[in-house]
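Here's the structure we're looking at; comments come further down.
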Amino acid sequence: MGLYPWELNFIMDTYTSYQMNEETWEQLRSVTQAPNAPAQKQRCQANARERDRTQNVNMAFNTLRHLIPTEPADRKLSKIEILRLAGSYITHLDNQLYTGDMEQPCLKKSDTVYKTSLCTFCWSTLKKKK
DNA sequence: TAGGCCATCTGGTCCT
DNA sequence: AGGACCAGATGGCCTA
């Protein structure tokens, strides 16, 4: 296994927080030369782009997360929970907009269709009022 | 300790 | 050709 300078730079960019000492860097530099350079360079660049893209997705998730009211407000939500709750919250707001009554709890259809139940967000609002 | 969640790497596909 | 997007694989961390 060998490392090229750009790979070394990449490692330095990514892992500077690990506080590697000079000796460790010298060991890394000593293995710097490997075959198939262009392909490896392209792969490293693609990996970096993918990391950026993933970070962008995470930023979007964070933005969306802050729009969803929870109790407590800073409750940790997984990505799938964020998506599901966001959908529920949109439905909740849509119901309130439709009825025009912000005080009136909205109802959601349950799985069985025949039954209706209190919407999650109305439920938490009612709990807070008690 | 198992299961859930996540970040990262990787290769494939599609688009410009 | 190069970049964006996506899904699968993998390994680490955390919690019940």
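Since this is a predicted model, take the numbers as computed values, not measurements. Labels below follow one simple rule: chain letters A, B, ... track the order of the sequence lines, proteins then strands, and each chain is numbered from 1.
Between the CD atom of A/Q55 and the P atom of B/dC9 there is a distance of 11 Å, given to the nearest Å. Note: CG (A/D52) to P (C/dG2) measures 19 Å, nearest angstrom. Atom CG in A/N47 sits roughly 5 Å away from atom P in B/dC9 (whole-Å rounding). Following rounding to the nearest Å, A/K76 (NZ) and C/dC14 (C1') show an atom-to-atom distance of 11 Å. Atom P of nucleotide B/dG4 and atom CD1 of A/I82 are separated by 19 Å, given to the nearest angstrom. Between the CG atom of A/L77 and the P atom of B/dG4 there is a distance of 18 Å, rounded to whole Å.
Placement of A/L67 and A/L93 in two distinct hydrophobic clusters is found when ILVMFWY residues are connected by side-chain heavy-atom separations under 4.5 Å, directly or transitively. Residues A/I82 and A/I90 fall into different hydrophobic clusters, defined by Ile, Leu, Val, Met, Phe, Trp and Tyr side chains chained together at heavy-atom separations under 4.5 Å.
OP1 or OP2 of B/dA7 lies within a sub-4.0 Å distance of a side-chain N or O belonging to A/K79.
With sequence neighbours excluded, the residues that form a salt bridge (Lys or Arg N to Asp or Glu O under 4.0 Å) with A/R53 are A/E50. Residues satisfying the side-chain hydrogen bond (donor to acceptor under 3.5 Å, both in side chains) criterion with A/R43, sequence neighbours excluded, are A/N47.
Between A/F61 and A/L83 the shortest side-chain heavy-atom distance falls below 4.5 Å.
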Summary of protein contacts for nucleotides 3-9 of chain C, nucleotide by nucleotide, where a base hit scores B, a sugar-phosphate-only hit scores S (4.0 Å, heavy atoms) = SSSBB--
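For A/C122 against A/H92, the heavy-atom pair with the smallest separation is SG-CE1, 3.4 Å.
The side chain of A/R43 sits closest to B/dG11 out of B/dG11, B/dC6, B/dT8. Counting only heavy atoms from C-beta on, A/I80 has its side chain closest to B/dC5 among B/dA7, B/dT10, B/dC5.
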